[in-house]
Amino acid sequence: MRLMRVGEAGRERPVLVAPDGGGHFDLRPVTDDIDGAFLAALAENPALLADPSLLPRTEIGGERVGAPVARPSAVLCVGQNYSAHAAESGAEPPKQPILFYKSPNTVVGPRDDVLIPRGSRRTDWEVELAVVIGRRARYLDSPEDALAHVAGYAVSDDVSERAYQLEESGGQWSKGKSCETFNPLGPLLVTADEVPDPQRLRLRSWVNGEPRQDSSTADMIFSVAELVHHISQYLVLEPGDIVNTGTPEGVALSGRFPYLSEGDVVELEIEGLGRQRSVCRPAP
């Protein structure tokens with residue numbers, strides 16, 4: 001299934017993309033929103049959406065597309081999970097996952113503006129596969145158990161301010177990761193049953209139409225299953241939580257490309273999960 005949320009910020013409504021791509025169904029007879037409670041219920045009872053034809057049709061033309069998950073309780077991120085990106089960052093590939101947090105209120109829609117922070121000199125893009133949790137994950141026994149706890153996948157931009165992250169951080173990365181609008185997400189939440197192998201997805205980015213990143217999730221150091229299992233040994237993942245799984249090479253931090261500035265257009269795409277387009281604006 002492919003799930004979306006449309007409408008003005010804070011007042012989005014949940015919709016289901018028709019299986020044949022020919023329109024949309026209104027999910028409000030089933031749920032008020034696509035949030036942790038709904039994803040947990042769907043994990044326990046997939047029959048909730050077994051027959052979309054029972055739902056009313058709805059039109060979404062001209063409406064804003066919001067993030068496909070509402071109010072995640074946590075946004076967890078994995079750093080340097082692609083060897084080539086670790087190298088361009090000046091680091092050795094990690095021997096275990098590097099985990100950091102973004103503030104959940106960084107999550108915005110896939111076509112919303114990205115606000116460049118006041119005084120920023122080094123705002124950067126990062127295309128990432130987002131994993132959305134569907135079942136509570138706590139002390140999982142093995143990576144083989146992990147994917148049963150995944151609701152689905154989405155395109156994520158782990159926008160970063162590198163000076164805040166690396167020079168003014170005090171040793172933690174979250175200052176450079178948690179500025180407002182720093183996590184465009186979506187347009188779709190594609191359920192796990194439609195992504196049989198999350199390690200075989202092409203992911204790409206462009207700035208002003210020029211290619212930046214072009215890689216595959218096959219190049220991850222730690223797979224989705226390994227990450228979910230590993231994280232569950234240190235904290236509890238709740239339904240609706242988001243795990244950003246790392247970015248491949250091709251970001252401005254490499255020194256090969258300029259950092260983002262006002263008016264730049266960032267586009268991201270992951271095979272089968274849709275495409276984002278964000279315009280960079282100065283934070284008011």
Side-chain angles (χ1 to χ4, degrees), residues 1 3 34-46 67-83 85-86 91 93-107 126-158 171-174 177-178 183 185-186 189-201 203 217-248 270 273:
M1 292 177 287
L3 307 174
I34 300 169
D35 55 12
F38 170 68
L39 294 174
L42 187 61
E44 294 303 316
N45 182 19
V69 181
R71 301 175 298 280
S73 64
V75 179
L76 298 115
C77 305
V78 179
Q80 299 176 1
N81 195 31
Y82 291 75
S83 295
H85 175 60
K95 292 182 171 57
Q96 59 180 333
I98 299 169
L99 186 65
F100 62 93
Y101 282 87
K102 289 177 87 90
S103 174
N105 66 3
T106 58
V107 175
E126 294 190 1
V127 60
E128 305 202 9
L129 175 66
V131 175
V132 180
I133 300 300
R135 287 188 173 93
R136 197 169 194 253
R138 174 184 179 273
Y139 293 120
L140 299 181
D141 289 336
S142 70
E144 288 69 32
D145 299 329
L147 295 185
H149 295 261
V150 173
Y153 303 92
V155 182
S156 184
D157 189 355
D158 178 17
Q172 300 286 334
W173 289 358
S174 292
K177 299 286 189 172
S178 292
N183 201 149
L185 187 71
L189 171 59
V190 179
T191 53
D193 60 296
E194 293 202 11
V195 185
D197 186 354
Q199 305 309 140
R200 296 185 63 182
L201 301 176
L203 63 173
T217 55
D219 297 331
M220 286 183 183
I221 298 170
F222 305 103
S223 70
V224 169
E226 290 169 329
L227 290 173
V228 173
H229 169 257
H230 178 86
I231 293 169
S232 79
Q233 308 306 303
Y234 297 90
L235 54 92
V236 178
L237 290 167
E238 300 287 358
D241 286 353
I242 295 166
V243 180
N244 288 327
T245 56
T247 198
I270 298 180
L273 304 184

S178 side chain near Y101 side chain, heavy-atom distance below 4.5 Å
no
Quick check for you: to the nearest 0.5 Å, what is the distance between L185 atom CG and S156 atom OG?
5.5 Å
Student check: side-chain heavy atoms of Q80 and P94 closer than 4.5 Å
yes
Write down the atom of A154, the atom of P68, and the distance for their closest heavy-atom approach.
CB-CG, 4.4 Å
Does the side chain of P248 come within less than 4.5 Å of V127's, by heavy atoms?
yes
Heavy-atom closest pair (A225 atom, P143 atom, distance to 0.1 Å) is CB-O, 3.5 Å
Indicate the atoms forming the closest heavy-atom contact of Q96 with Y234, along with that distance.
OE1-OH, 4.2 Å
Quick check: do L3 and F38 have side-chain heavy atoms less than 4.5 Å from each other?
yes
Does a side-chain N-to-carboxylate-O contact under 4.0 Å join K177 and E126?
yes
CD1 (I270) and OH (Y153) are apart, to the nearest 0.5 Å, by 11.5 Å
Going through the distances and angles, do V75 and S103 end up as a side-chain contact (heavy atoms from CB on, under 4.5 Å)?
CA-CA 7 Å; V75 179; S103 174; over 6 Å; no
Between atom CE of M220 and atom NE2 of H85, what is the distance when rounded to the nearest 0.5 Å?
12.5 Å
If I take atom CG from residue L39 and atom CG from residue L189, how far apart are they, to the nearest 0.5 angstrom?
6.5 Å
Polar side-chain atom of N244 near backbone of G246 as donor-acceptor pair, under 3.5 Å:
no
Reported NE2-to-OG distance for the pair H229 and S223, which is rounded to 0.5 angstrom
11.0 Å
Apply the test side-chain contact (heavy atoms from CB on, under 4.5 Å) to residues L147 and V228: give CA-CA distance (whole Å), side-chain angles for both, the deciding distance (0.1 Å), then the verdict.
CA-CA 8 Å; L147 295 185; V228 173; 5.8 Å; no
Residue pair N81, L227: steps toward the side-chain contact (heavy atoms from CB on, under 4.5 Å) verdict
CA-CA 10 Å; N81 195 31; L227 290 173; 3.8 Å; yes
Looking only at heavy atoms, which two atoms of P104 and S73 are closest? And how far apart?
CG-O, 3.7 Å
Tell me whether T106 contacts the main-chain N or O of K102 through its side chain, where contact means a donor paired with an acceptor under 3.5 Å.
no
Are any side-chain N or O atoms of T217 and backbone N or O atoms of L201, one a donor and one an acceptor, separated by less than 3.5 Å?
yes
Out of the candidates R136, R71, R135, only one should pair with E238 under the salt bridge (charged side-chain N to carboxylate O under 4.0 Å, His left out) rule; please name it.
R136
Count the heavy atoms of every other residue, nucleotide or ligand shown that sit under 6.0 Å from CD of Q199, and state whether that count exceeds 12.
yes
Can you find a side-chain donor-acceptor pair between E144 and S142 that sits under 3.5 Å?
yes
About how many Å separate CZ of F100 and OG of S174, when rounded to the nearest 0.5 Å?
7.5 Å
Is there a side-chain contact between V243 and I231 in this structure, where contact means two heavy atoms from C-beta onward sitting under 4.5 Å apart?
yes
Without swapping roles, check the side chain of E128 against the backbone of V155 for a donor-acceptor pair under 3.5 Å.
no
Output, in order, the C-alpha distance, side-chain angles, deciding distance and verdict of side-chain contact (heavy atoms from CB on, under 4.5 Å) for L129 and L273.
CA-CA 9 Å; L129 175 66; L273 304 184; 3.5 Å; yes
Let me know which of T245, I242, L237 forms a side chain to side chain contact (heavy atoms under 4.5 Å, CB included) with L76.
L237
